[in-house]
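Just below is one structure, and these are the notes that go with it.
Computed over heavy atoms, backbone and side chain alike; hydrogens, waters and symmetry mates excluded. A note on names: the letters A, B, ... follow the listed sequences, proteins ahead of strands, and every chain is numbered from 1.
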Number of protein chains: 2
Amino acid sequence: MKIKDIAKLAGVSPATVSRVMNNNGYVKADKRKAVEAVIKEVGYQPNEIAKSLKNQKSKIIGVIVPKISTETASRIVDGITQVTKTRNYQLLIANTNQQIEEEINSLKFLSNKLVDGIIMSATEVTDQHIEVARRLTVPLVIIGQKMEGFTCVLYNNYNAVTDLFNYIVDSGHQEIAFIGVDQRDIEVGQIRKQAYLDGLERHQLPYNPDLVAIEDFSIESGYKAMTRILEKRLPTAVMAVTDHLAIGAIQAIRDCGYRIPEDVSVTGIGDIKLAQYLSPPLTTVHYNFKTSGQIAAEQLFNQMDQEEKYVAEDIYIDYDLVIRNSLKKR
Amino acid sequence: MKIKDIAKLAGVSPATVSRVMNNNGYVKADKRKAVEAVIKEVGYQPNEIAKSLKNQKSKIIGVIVPKISTETASRIVDGITQVTKTRNYQLLIANTNQQIEEEINSLKFLSNKLVDGIIMSATEVTDQHIEVARRLTVPLVIIGQKMEGFTCVLYNNYNAVTDLFNYIVDSGHQEIAFIGVDQRDIEVGQIRKQAYLDGLERHQLPYNPDLVAIEDFSIESGYKAMTRILEKRLPTAVMAVTDHLAIGAIQAIRDCGYRIPEDVSVTGIGDIKLAQYLSPPLTTVHYNFKTSGQIAAEQLFNQMDQEEKYVAEDIYIDYDLVIRNSLKKR
DNA sequence: TACTTAATTGAAATCGATTTCAGTTTTATT
DNA sequence: AATAAAACTGAAATCGATTTCAATTAAGTA
């Protein structure tokens with residue numbers, strides 16, 4: 001069923017049917033009624049592809065995430081849908097599996113008028129990213145990383161880690177281990193570590209490389225990293241750069257026969273849903289990922305609505321220190 | 001940049017450019033080279049919408065999920081991408097927030113040639129679902145629920161719960177509580193409960209309504225349900241219909257001053273990622289959601305490839321009993 | 001060499017909607 | 001009643017690709 005068929009059945013032209021469907025332009029009451037009757041009767045739904053082509057917009061937002069099956073990503077997407085739904089926009093999701101290659105490809109592909117805007121939750125920003133992004137003909141908003149010239153929704157990693165570090169020190173800890181990730185991830189790998197290093201200095205604590213381990217994002221990585229640290233030295237507190245790493249670390253510490261938090265305190269970052277249900281409940285930093293998705297979507301719509309060039313800005317998402325029992329005062 | 005512009009720059013017709021792009025039809029080597037040079041130089045990427053309209057396929061698969069920010073859903077989507085990626089298909093995700101209304105709307109909307117096929121992870125199947133589904137002009141595969149006339153990827157809930165129940169009884173438990181969900185969810189609400197009831201009968205255990213509580217899917221619901229049960233009676237084991245419910249139940253049991261598994265054993269179903277990192281680690285049933293996504297996608301492509309009507313079939317996904325320490329032998 | 005077949009090319013139709021434009025009918029105003 | 005303004009309508013152009021079709025050229029064969 002196409003618009004032509006409806007037109008024929010209702011005894012009008014396709015133009016009139018279009019006017020009825022979109023409720024614009026003049027249509028006499030009786031014709032409108034006739035058209036509406038036919039539409040209802042045959043259950044006509046217009047071809048969205050044809051509409052998109054003619055209207056030069058698809059009403060689809062492209063979303064690029066490193067891995068959808070991750071609490072962070074799925075919550076961000078949740079937040080995005082919350083906003084897009086109010087505008088009747090659909091979401092095209094590109095799962096890149098953390099591969100830079102895929103990320104670039106998705107950016108390129110989505111830009112070809114398939115989507116009206118793009119939100120990318122990035123783990124790494126390379127020169128190639130920036131180059132492709134600049135060529136984009138649709139607005140782009142970045143979540144989680146800074147990218148010059150684009151609106152970015154960011155987590156205030158430096159302050160969060162600093163607050164957490166201060167809290168750990170204030171709780172009486174001096175030997176604080178750090179489990180981080182690769183430096184290519186600026187926000188999580190670099191900034192969070194820098195805040196740790198600056199924290200040490202501020203409190204005049206010595207930097208001990210034996211207490212620092214860098215790994216991937218998985219729980220298993222946390223386990224490995226912690227094991228490596230324990231082979232060298234037993235810290236009184238461990239600051240892991242994500243909750244998953246913290247969970248892995250806890251496991252490793254227990255497997256070595258130590259108790260948490262009596263022997264070693266552990267903290268994470270992110271506040272995954274289950275953080276409070278672990279035993280002991282995890283001390284961590286709460287980020288509202290859903291909110292960041294919402295804000296990114298709002299920013300994107302702002303840019304799409306704007307005719308002239310939009311001024312990029314960095315938006316920082318609030319965080320909360322969540323004090324639970326995985327950290328013990330000494 | 002459109003195909004016409006490329007044609008002009010390369011000194012050929014749009015038809016020739018199209019032939020080069022899609023590598024079909026005859027094109028002389030020199031013209032091909034010329035066209036390829038221009039394409040590369042200007043970084044031409046064809047308008048996907050226009051292609052879709054002309055080709056009568058969008059190379060997009062629609063995915064309808066109750067809530068993307070759920071481990072189950074996001075893993076399913078992960079599995080789907082795994083398969084769609086090999087075919088260069090994109091994913092359009094409709095997040096319905098568990099609202100039937102939204103589910104129906106999404107089905108209707110997606111069908112209008114916007115997508116080439118649909119995968120729906122349903123929680124409930126109403127008559128309205130079936131009616132809309134029958135009118136669809138694109139193939140549809142269902143995950144998690146049975147729907148007459150459509151290919152369904154199912155979890156063998158009855159057998160899984162039966163195995164688990166047997167294991168609990170074999171471990172010496174007689175007072176087994178049950179935390180379930182609404183019966184409108186046939187697979188989780190109805191079948192899992194029926195397996196519990198049949199289990200009682202098979203082992204000649206009395207049915208005690210005080211030991212059964214029905215709630216929503218959240219952790220909090222598990223807490224509420226367990227609290228209600230504990231007000232009446234103290235079971236030796238609790239069978240929760242999802243891991244999240246189990247986690248809530250564990251919390252409630254602890255808050256009443258009982259130990260797990262010494263005083264009360266608890267089991268879940270689903271085997272979420274963190275199940276093994278809880279303390280005690282959760283005894284549960286492992287479902288491979290990612291695999292179900294993959295299989296659903298493969299089935300969908302099969303149908304899309306097929307010219308004639310495809311014969312619907314039910315496919316059951318394997319499960320594994322995962323024995324951990326949240327259940328204690330008596 | 002004559003003739004068949006294969007290779008090459010671009011003009012124009014097509015996909016299914018929207019919108020402009022020009023023509024026609026109503027309605028409002030003086 | 002005359003005229004201006006508003007309401008209504010459909011034919012045709014358009015969005016940006018693909019593909020058919022017919023025309024032309026090159027290659028192969030007897």
Side-chain angles (χ1 to χ4, degrees), chain A residues 1-36 38-39 42-60 88 90 108-116 137-138, chain B residues 1-36 38-39 42-60 88 90 108-116 137-138:
Chain A
M1 269 296 165
K2 15 189 166 178
I3 200 168
K4 243 196 211 172
D5 304 318
I6 304 301
K8 209 164 289 174
L9 286 172
V12 298
S13 74
T16 300
V17 177
S18 173
R19 284 191 265 259
V20 171
M21 293 286 300
N22 299 291
N23 204 29
N24 67 9
Y26 296 113
V27 179
K28 248 190 191 150
D30 57 335
K31 300 221 173 196
R32 160 165 280 126
K33 217 173 287 175
V35 171
E36 278 167 349
V38 174
I39 288 173
V42 306
Y44 169 68
Q45 303 245 155
N47 182 315
E48 293 296 329
I49 298 280
K51 285 182 74 158
S52 299
L53 179 58
K54 181 64 209 186
N55 294 338
Q56 295 292 65
K57 62 177 172 183
S58 61
K59 302 210 82 178
I60 298 176
N88 278 321
Q90 302 289 319
K108 275 192 199 159
F109 178 80
L110 293 181
S111 65
N112 311 310
K113 296 281 138 213
L114 217 190
V115 300
D116 299 344
T137 53
V138 295
Chain B
M1 269 297 165
K2 14 190 168 179
I3 201 168
K4 243 199 211 169
D5 304 318
I6 303 301
K8 210 165 287 173
L9 285 172
V12 298
S13 74
T16 300
V17 177
S18 172
R19 284 191 265 257
V20 171
M21 294 285 303
N22 299 293
N23 203 29
N24 66 10
Y26 295 112
V27 179
K28 250 192 189 150
D30 58 333
K31 302 223 173 196
R32 161 165 280 127
K33 217 173 287 176
V35 170
E36 279 166 349
V38 174
I39 287 173
V42 307
Y44 169 67
Q45 303 244 156
N47 182 314
E48 293 295 330
I49 299 279
K51 285 182 74 159
S52 299
L53 179 59
K54 180 63 208 191
N55 295 338
Q56 296 290 70
K57 62 176 172 185
S58 61
K59 300 209 82 176
I60 299 177
N88 278 321
Q90 302 289 319
K108 274 192 198 159
F109 178 79
L110 292 181
S111 64
N112 310 310
K113 296 283 140 208
L114 217 191
V115 299
D116 299 344
T137 53
V138 294

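Nearest nucleotide to the B/Pro14 side chain, out of C/dT9, D/dT18, D/dG16: D/dT18.
Following rounding to the nearest Å, A/Ile3 (CD1) and D/dA11 (P) show an atom-to-atom distance of 13 Å. Atom-to-atom, OH of A/Tyr44 to P of C/dT18 comes out at 6 Å; the value is rounded to the nearest Å. Spacing between atom NZ of A/Lys31 and atom P of C/dT26 amounts to 11 Å, rounded to whole angstrom units. A straight line from CE of B/Met21 to P of D/dT19 spans 13 Å, rounded to a whole angstrom. Going from atom NZ of B/Lys54 over to atom P of D/dG16 covers 16 Å, rounded to whole Å. Residue A/Asn22 contributes atom CG, which lies 9 Å from atom C1' of C/dA17 at whole-angstrom precision. If you measure from atom CD of A/Gln56 to atom P of C/dT18, you get 14 Å, rounded to the nearest angstrom. Nucleotide D/dA17 holds its C1' atom 9 Å from the NZ atom of B/Lys51, rounded to whole Å.
Within 4.0 Å (heavy atoms only), A/Asn24 reaches sugar-phosphate atoms of the nucleic acid but no base atom. Across all strands shown, A/Val12 has heavy atoms under 4.0 Å from sugar-phosphate atoms exclusively, and none from any base. Residue contacts for B/Lys4: at a heavy-atom cut-off of 4.0 Å it reaches no nucleic acid atom on any strand shown.
When the side-chain nitrogen and oxygen atoms of B/Ser18 are compared with OP1 and OP2 of D/dA17, none of them lie within a distance under 4.0 Å. Under 4.0 angstrom from either OP1 or OP2 of C/dA11 there lies no side-chain N or O belonging to B/Ser13. Between B/Tyr26 and C/dA7, a side-chain N or O to OP1/OP2 separation shorter than 4.0 Å is present. Contact check, B/Asn55 against C/dT14: no side-chain N or O comes under 4.0 Å of OP1 or OP2.
Checking side-chain atoms of B/Ser58 against main-chain N and O of B/Leu114 turns up a donor-acceptor pair under 3.5 Å. With B/Ser52 contributing its side chain and B/Glu48 its backbone, the two residues share a donor-acceptor pair below 3.5 Å.
A distance of 15.0 Å separates NZ in A/Lys54 from CG in A/Asn47, rounded to the nearest 0.5 Å.
Taking 4.5 Å as the limit, some side-chain heavy atom of B/Pro46 sits within range of a side-chain heavy atom of B/Met21.
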(message) For A/Leu9 and A/Met1: C-alpha separation, side-chain torsions, deciding distance, then whether side-chain contact (heavy atoms from CB on, under 4.5 Å) applies.
(response) CA-CA 11 Å; A/Leu9 286 172; A/Met1 269 296 165; 4.2 Å; yes
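The nearest heavy atom of DNA chain C to A/Val17 and to B/Arg19 marks one nucleotide each, and the one closer to the 5' end goes with B/Arg19.
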